[in-house]
2 protein chains.
Amino acid sequence: MNTEERLRNFKEICRKVGLKITHQRLEIFKELLNSHDHPTVEKLYHRLQPKLPTISIDTVYRTLTTLEKHDLIVRVETEESQARFEGRMEEHHHAICKKCGGITDFYWEFPDEASLPAEILNWGQLVKKSLTLHGICEQCIQEE
Amino acid sequence: MNTEERLRNFKEICRKVGLKITHQRLEIFKELLNSHDHPTVEKLYHRLQPKLPTISIDTVYRTLTTLEKHDLIVRVETEESQARFEGRMEEHHHAICKKCGGITDFYWEFPDEASLPAEILNWGQLVKKSLTLHGICEQCIQEE
DNA sequence: TTCTAAGATAGGAATGGTTCTTATTGGCAG
DNA sequence: CTGCCAATAAGAACCATTCCTATCTTAGAA
């Protein structure tokens, strides 16, 4: 799905579940679609200032939580205390740099569910499999 | 490594890096070794009350951060705001239940590093590969 | 063993990220 | 166009985590 399709989908989902399509929701969603660095709420808030100078940070929090609930965006799993979000919805994976905290996306096809241990296949209902690589990115290695 | 070996290793590492072996550090480490539910700081704090009735929660935070820095324990990556820790050090993976938040450990041999996309193999220096499964555990399915 | 210096802790205050409260605004169905 | 109800802004409140500092403990020296 490209940006336009994502926006159409966004509006459709909102209509379907009874969410009003407000200026703020639309701008927050669009801003996240254009952000490929898995921004924190604070970062998004600042990026939105030019378009929405009076928006409150609470609205950003509330909206992201709402969008997440309806599977329009994803909350990224990290060890940090600050929440980070992304707009990319295709199943993909992350490489996280221990040094700078940067997150890089990558695609990788999961080998075969049967390669998982039996105990986990019986664990429950699997929804998502995400591989996270930890290490130090090339740029941080150079800077050492 | 069994518990006894882990404790010996703990003391050795402390000596090596100049950390004093305090009663609190030892008890916090032992408590985490005995906990298999990836407890939050708050939970550990309460479990330690019987043995260390006057311990402050700051000490638990500080100690866990210190132990993590020296690779004696691991901070678990979740979407939650509260930090969770574990004492298991063998490389393993997690299945997280969306409903109850429970985390189940499992072992799984990573197929082959060459199966990762080239872009990631050149990303930097990889330290750890962790697979996280998301879904709903059997118990929560039953309860629905 | 005793002494001492440096490091560690307890307790409370402070901080920072996130959520709640409330008055006001604005989307949208009729 | 109008009214209802959801959504927002602003600031207060909340909660997890960290800081401050006086006191205590550990580990090494005497």
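In what follows, chains are A, B, ... by sequence order, proteins preceding strands, each numbered from 1.
Summarising the geometry, the separation between CD1 on Ile55(A) and P on dA7(D) is reported as 14 Å, rounded to the nearest angstrom. Rounded to a whole Å, the CD atom of Glu12(B) is 15 Å from the P atom of dA27(D). Regarding Leu44(A), its CG atom lies at a distance of 14 Å from the P atom of dG17(C), rounded to whole Å. Residue Gln49(B) contributes atom CD, which lies 10 Å from atom P of dG11(C) at whole-angstrom precision. A straight line from NE2 of His70(B) to P of dA8(C) spans 9 Å, rounded to a whole angstrom.
At most 12 non-hydrogen atoms from other residues, nucleotides or ligands lie less than 6.0 angstrom from CD of Glu109(B). Heavy atoms of other residues, nucleotides or ligands lying less than 6.0 angstrom from CD of Glu80(B) number more than 12.
By the 4.0 Å N-to-carboxylate-O rule, Lys99(B) lies close enough to Glu144(B) to be salt-bridged with it.
Closest to the Thr22(B) side chain, of the nucleotides dA8(C), dA9(D), dG27(C), is dA8(C). Comparing dG26(C), dT18(D), dT19(C) by their nearest atom to the side chain of Asp58(A) picks out dT19(C). Ranking dT9(C), dA10(C), dA9(D) by closeness to the Arg62(B) side chain, first place goes to dT9(C).
With His38(B) as the fixed residue, the side-chain hydrogen bond (donor to acceptor under 3.5 Å, both in side chains) test singles out one of Arg75(B), Glu86(B), Arg88(B): Glu86(B).
Toward the 5' end of DNA chain C, the nearer of the two residues Leu19(B) and Pro53(B), judged by each one's closest nucleotide, is Leu19(B).
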